[in-house]
Amino acid sequence: MTKKATSGAAKRGAATPSTKKAAPAATTPARKTAGTEKPASARSVRAAVDQKEAAQDVGVAQPGAGTRKSRKRVPPAVPGGDGHNPFRAHMRRNRAPEPATLVIFGATGDLARRKLLPAVFGLWQDGLLGSAFNIVGVGRQAMTDEEFKDYALTALKESKETDAILPGNLEKFRELLYYEYGDFSGDEVYDLVGRELDRAEEAHGGRKNALFYLSTPPSLFEPISSGLGRLGLADESEGWRRLVIEKPFGRDLASARALNDAIHTVWDESQVYRIDHYLGKETVQNLMAIRFGNAIFEPLWNRGYVDHVQITASEDLGLEGRAGYYEEAGVVRDMLQNHLMQLFALTAMEAPAAFDADAIRDEKVKVLRAVKEIPRGRVKSVAVRGQYGPGTMDGEKVPGYRQEPNVKPNSPTPTYVAVKLEVDNWRWQGVPFFLRTGKRLPKKVTEIAVVFKRPPLGIFPGGLERNVLAFRIQPDEGVSLKFSSKTPGQEMVLREVVMDFRYDAFGAQLESPYSRLLLDAMLGDATLFPREDEVDHAWQLVSGILEAWDGVNAPEFPNYTSGTWGPEAADELIGPDRRWRRL
Ligand SMILES: NC(=O)C1=CN([C@@H]2O[C@H](COP(=O)(O)OP(=O)(O)OC[C@H]3O[C@@H](n4cnc5c(N)ncnc54)[C@H](OP(=O)(O)O)[C@@H]3O)[C@@H](O)[C@H]2O)C=CC1
Ligand SMILES: O=C1O[C@H](COP(=O)(O)O)[C@@H](O)[C@H](O)[C@H]1O
């Protein structure tokens, strides 16, 4: 176990340097050459308008108050319905974030462009970001504020993730954007960020709340965390300060622990929000809702009734030009250690004492701890790796992994993994959990399937099929229950049928996970963010697999054809009496 941060105040105090906001004028770089000096008053005016609008009604009259793409469809009538959209009310929750600045490090990167800026825009347009809000993009490229505003607006127009833009809202959103740049290993760039917070102070009601989002290569997580600490920006005396860290969190157990330790020299754990975007998916949250919001499932959710559980995250896409990252990561780091382990933990955990961050995360940690270890010597019997070869997808020929641009011709990097987890606790003893994920599989689908035991005795003709409760995480989001039914006719012949709940019954398109998680972080709700000990246990579980596979060439690679369901050995792993679901 890694050590927990001791007193946050003590840590932060110790790390607060005397250089805090030192000599701002002297450190101002030659920048913003396009005459983009921002008069404080302009910002104050905009913010004051925002504040007034928000004060009128946090729920309605926000800056861009409008309708999200998701609300273009009219929801079905609700009992006593009056046209009021229940989803909108739900999204708003019962409070809005305090005035704050969102600082995005790596604002010129792919994630920021395609996902983060659209997510923030959507939240803002829906009036969910509170009374005063602004964004400071931070990068290494020299850019003026105006150039960054242009860049961000282009990104919003181009991203598929952007909600329908209401007239005039892009121009209003533009007003909220600022940019700073510099070398992330020095002090100057953090000083500039600090001054952005100073400037927003008045408009933010005298507070300097800040959410620092690290959307950079992982090698920069520690330098940025430390840089913010050196300049006193983790100190919460003038407003809350939170650090959002993208994945991957470390590349193995040792580096994840080192990163946690480095971060905790500056930040208390309560200030740290490690992103796993799967937790922001509506359907993943619904897993908890269905398990713990109904009486009928939980009694069956154990070794008495469940035969096994299958968790699948299959992707039809290949590398998509990410060789630089993926050659270093591979599927275990990219998907198994984080997203699939989280899905597993939510499926297998006990009911939390309350729906709050620590209660839920405590339960996830407990079940992760209960998983039988997979030391290097066990890997062969419980895990299968694969790498895709050339094949055909949707009638088109696609290259194998080793033929992708910038991949080594004999790359040992796995693009598929299947693993059997055994949980040594009273609930799950003897119930295997099979997890699989891979690229260039036949289709994009993520599903958690709870497969029940066969009936104890067959009194009707026909097979004794296993009932399956399947959570379709994506796409075609919903939940289905497969069971046997009599087919119409004179004979008592059974056939499998499916009862299906589909999310589109709600008449709302689902929220981007990044919107959900960004808003949660702004609200200080860490429920959907993995805690330090969760990440640590997930790394512990995959460590043996990484040790056995890292850099070790699998002579059989490539061992599955693009467009198929992975290597044959995966069928042996789950068999002989069980079969992977054909999705
Ligand atoms: N892209 C995605 O879909 C996903 C990304 N992530 C994670 O998000 C993070 C960002 O990913 P992504 O946006 O794809 O990465 P990119 O490489 O596209 O962008 C990274 C950002 O960091 C900046 N940067 C890179 N190196 C330096 C440096 N040495 N000094 C200062 N700035 C630097 C880049 O600047 P410049 O523009 O000048 O290169 C850019 O702004 C990563 O941790 C990734 O693992 C997680 C899930 C999905
Ligand atoms: O984090 C990642 O996730 C995506 C899959 O995410 P999804 O939400 O589209 O299911 C994966 O393609 C990528 O390799 C990985 O880094």
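Residue numbers count from 1 along this sequence. Counting convention: from 1, in listed order, for ligands and their atoms alike.
By the neighbour-count criterion of 12 heavy atoms within 6.0 Å, atom CG of Asn406 is sparsely surrounded, having that number or fewer from other residues, nucleotides or ligands. Atom CG of Asn553 has more than 12 heavy atoms from other residues, nucleotides or ligands within 6.0 Å.
Annotation: the span from Trp549 atom CH2 to Thr413 atom OG1 amounts to 12.5 Å, rounded to 0.5 Å. Rounding to the nearest 0.5 Å gives a distance of 11.0 Å between OH of Tyr213 and CG of Leu243.
Phe184 has its ring centre less than 6.0 Å from the ring centre of Phe105. Close placement of the Phe173 and Trp124 rings is indicated, their centers lying within 6.0 Å of each other.
The atoms of ligand 1 that sit less than 4.0 Å from any heavy atom of Gln141 are 36 (P), 37 (O), 38 (O). Within ligand 1, the atoms closer than 4.0 Å to a non-hydrogen atom of Ser215 are 9 (C), 10 (C), 20 (C), 21 (C), numbered from 1 in the order shown. Near Pro248, with a cut-off below 4.0 Å to any heavy atom, the atoms of ligand 1 are 45 (O). When each atom of ligand 1 is checked for a heavy atom of Phe221 under 4.0 Å away, the hits are 43 (O). Per-residue contacts place Thr108 under 4.0 angstrom from the following atoms of ligand 1 (heavy atoms of the residue considered): 35 (O), 36 (P), 37 (O), 38 (O), 40 (C), 41 (O). Interface atoms of ligand 2 facing Lys247, defined by a heavy-atom separation under 4.0 Å, are 1 (O), 2 (C), 15 (C), 16 (O).
When the heavy atoms of Thr216, Leu220, Leu214 are ranked by distance to atom 27 (C) of ligand 1, first place goes to Leu220. Here the shortest heavy-atom distance to atom 23 (C) of ligand 1, taken over Pro217, Ala142, Gly109, belongs to Pro217.
Side-chain atoms of Tyr179 and Glu196 form no donor-acceptor pair, as typed in the model, at a separation below 3.5 Å.
In this structure, Gly139 has no heavy atom closer than 4.0 Å to ligand 1. Under the 4.0 angstrom criterion for non-hydrogen atoms, Arg114 is in contact with ligand 1. Using a 4.0 Å heavy-atom cutoff, Tyr325 is absent from the residues neighbouring ligand 1.
Shown are Asn209, Val136, Ile135, Val193; of these, the side chain to side chain contact (heavy atoms under 4.5 Å, CB included) with Thr101 is made only by Val136. Of the residues listed (Phe433, Trp580, Phe434), the one engaging His308 in a ring pair (Phe, Tyr, Trp, His ring centres under 6.0 Å) is Phe434, and it is the only one.
Checked against a 3.5 angstrom limit, the closest N/O atoms of Ala112 and ligand 1 fall outside it. Of the N or O atoms in Tyr326, none lie within a sub-3.5 Å distance of an N or O in ligand 2. Taking only nitrogen or oxygen atoms, main chain and side chain alike, Thr446 does not reach within less than 3.5 Å of ligand 2.
No side-chain donor-acceptor contact under 3.5 Å links Asn286 to the backbone of Ala289. Checking side-chain atoms of Trp539 against main-chain N and O of Ala254 turns up no donor-acceptor pair under 3.5 Å.
The cationic group of Arg274 does not satisfy the cation-pi geometry with Phe529, failing either the under 6.0 Å distance to the six-membered ring centre or the 45° limit from the ring axis.
The protein heavy atom nearest to atom 13 (C) of ligand 2 is Arg322 NH1, 3.3 Å. For atom 12 (O) of ligand 2, the closest non-hydrogen atom on the protein side is Glu315 OE1, 2.5 Å. The protein non-hydrogen atom at the shortest distance from atom 6 (N) of ligand 1 is Glu246 OE1, 3.8 Å. Atom 15 (O) of ligand 1 has Asp110 N, 4.4 Å as its closest protein atom, hydrogens excluded (heavy atom only). For atom 7 (P) of ligand 2, the closest non-hydrogen atom of the protein is Lys444 NZ, 3.3 Å. With hydrogens left out, the protein atom closest to atom 16 (O) of ligand 2 is Asp334 OD1, 2.6 Å, a heavy atom.
Put simply, atom 18 (O) of ligand 1 has protein non-hydrogen atoms near it, under 4.0 Å away.
Relative ring orientation between Tyr503 and Phe501 is described as tilted, the plane-to-plane angle lying within the 30° to 60° band.
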